[in-house]
Amino acid sequence: MRKILKPDFFNHPTLIVAQNLLGKFLVRKIGNKEIASMITEVEAYDGFNDKASHASRGRTLRNEVMFGEAGRWYVYLIYGMYWMLNIVTGPKDYPAAILIRGVADAKSPGKLTKYFQINKSLNGKIASKTTGLWIEDRGVKVEAKNILKTKRIGVYYAGPYWSRRRYRFLIEIPQ
DNA sequence: ACGATGATGAAC
DNA sequence: TTCATCATCGTA
């Protein structure tokens, strides 16, 4: 089974979509080569009030994709070196996105973008075959009891309430 | 524990 | 125009 996820998949509450993404496959096409790896770790950034989210300080040039329609990529540079890959969720004008933090073959957000050759050029593009980066359902079922929930990484600046929310979701993968 | 490294946004 | 900050990572 190979089903490409359409924008509608992402137009739902961010915390739900985040968990639904575990076990799905991130797929990249470069030239005639296709690479794919299962998503194993994500983080939700949800709404105007989330102090850990770029959107908490309002709409800017960088974060405006987060305010757009679900199913688009939000890609930005962090620490001058690493591209972060997010997928926009929820309705238009509601800022939310899911950071893809890990796949089976690349276990951290900066490493996976390097592995998939992802940079600013994908920012704002729709996750689809035509843009060369998309997500597929390949029939892997993830049980709710197998999803680990922890606080998000690297967001202490967001204060005790928002930094402690368990918006990070991951699954264990057999080696 | 820390430095690399540069875009971003807010202050001036 | 300047400046602190930052959804990280590899080396120590």
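Throughout, a chain's letter reflects where its sequence line sits, starting with A, and its residues are numbered from 1. Just so we're clear, the structure is a prediction, and the values are computed from it rather than from any experiment.
- Taking side-chain N and O atoms only, A:Arg62 has no distance below 4.0 Å to OP1 or OP2 of B:dA7.
- A 4.0 Å heavy-atom criterion places the boundary nucleotides of DNA chain C facing chain A at C:dC6 to C:dG10, written 5' to 3'.
- The residue from A:Ile100, A:Asp137, A:Val103 that alone fulfils the side chain to side chain contact (heavy atoms under 4.5 Å, CB included) condition with A:Lys24 is A:Asp137.
- Of the residues in residues 41-59 of chain A, A:Tyr45, A:Ala52, A:His54 come within less than 4.0 Å of DNA chain C through at least one heavy atom, sorted by number.
- Sequence neighbours left out, not one pair with a member in residues 108-117 of chain A passes side-chain hydrogen bond (donor to acceptor under 3.5 Å, both in side chains).
- Judged as a side-chain contact (heavy atoms from CB on, under 4.5 Å), and not counting sequence neighbours, A:Lys6 has no contacts.
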Table of protein N/O atoms under 3.5 Å from nucleotides 2-6 of chain B N/O atoms:
residue: B:dT5; atom: O2; partner: A:Tyr79; partner atom: O; Å: 2.2
residue: B:dG6; atom: N2; partner: A:Gly80; partner atom: N; Å: 3.4
residue: B:dG6; atom: N3; partner: A:Gly80; partner atom: N; Å: 3.4

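- The main-chain N or O of A:Lys120 is never found under 3.5 Å from a side-chain atom of A:Asn123 such that the two would form a donor-acceptor pair.
- Under the side chain to side chain donor-acceptor pair (under 3.5 Å) criterion, A:Glu143 pairs with no residue, sequence neighbours left out.
- Grouping Ile, Leu, Val, Met, Phe, Trp and Tyr residues whose side-chain heavy atoms lie under 4.5 Å apart, directly or via other members, leaves A:Ile126 alone, with no other cluster members.
- By the side-chain contact (heavy atoms from CB on, under 4.5 Å) test, A:Arg57 pairs with no residue at all, sequence neighbours left out.
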Show which side-chain atoms of residues 42-51 of chain A pair as donor or acceptor with protein atoms under 3.5 Å away, not counting sequence neighbours.
residue: A:Glu43; atom: OE1; partner: A:Tyr45; partner atom: OH; Å: 2.6
residue: A:Glu43; atom: OE2; partner: A:Ile153; partner atom: N; Å: 2.8
residue: A:Asp46; atom: OD1; partner: A:Thr14; partner atom: OG1; Å: 3.0
residue: A:Asp46; atom: OD1; partner: A:Tyr94; partner atom: OH; Å: 3.0
residue: A:Asp50; atom: OD1; partner: A:Ala52; partner atom: N; Å: 3.0
residue: A:Asp50; atom: OD1; partner: A:Arg152; partner atom: NH1; Å: 3.4
residue: A:Asp50; atom: OD1; partner: A:Arg152; partner atom: NH2; Å: 3.1
residue: A:Asp50; atom: OD2; partner: A:Asp46; partner atom: N; Å: 3.0
residue: A:Asp50; atom: OD2; partner: A:Arg152; partner atom: NH1; Å: 2.7

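- Around the CZ atom of A:Arg138, the shell of radius 6.0 Å holds more than 12 heavy atoms that belong to other residues, nucleotides or ligands.
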Only distances under 3.5 Å count here; give the side-chain donor-acceptor pairs of residues 71-84 of chain A to other protein atoms, sequence neighbours excluded, each with its distance to 0.1 Å.
residue: A:Arg72; atom: NH1; partner: A:Gly124; partner atom: O; Å: 2.9
residue: A:Trp73; atom: NE1; partner: A:Leu133; partner atom: O; Å: 3.1
residue: A:Tyr74; atom: OH; partner: A:His54; partner atom: ND1; Å: 2.7

Quiz prompt | Dot-bracket encoding of pairs in DNA chain C, which uses [ ] for pseudoknotted crossings and | for another strand, Watson-Crick or G-U under 3.5 angstrom | solution = ||||||.||||.

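- Within the nucleic acid shown, A:Lys120 comes within 4.0 Å of sugar-phosphate atoms alone, with no base atom in reach, counting heavy atoms only.
- Remark: C1' of B:dT8 and CE of A:Met84 are 15 Å apart, rounded to the nearest angstrom.
- A salt bridge is absent between A:Arg28 and A:Glu34: the closest approach of a Lys/Arg side-chain nitrogen to an acidic carboxylate oxygen does not fall below 4.0 angstrom.
- Residues passing the side chain to side chain donor-acceptor pair (under 3.5 Å) test with A:Asn119, sequence neighbours excluded: A:Ser121.
- When side chains are defined from C-beta on, A:Ile135 does not count as touching A:Phe25, because their heavy atoms never get closer than 4.5 Å.
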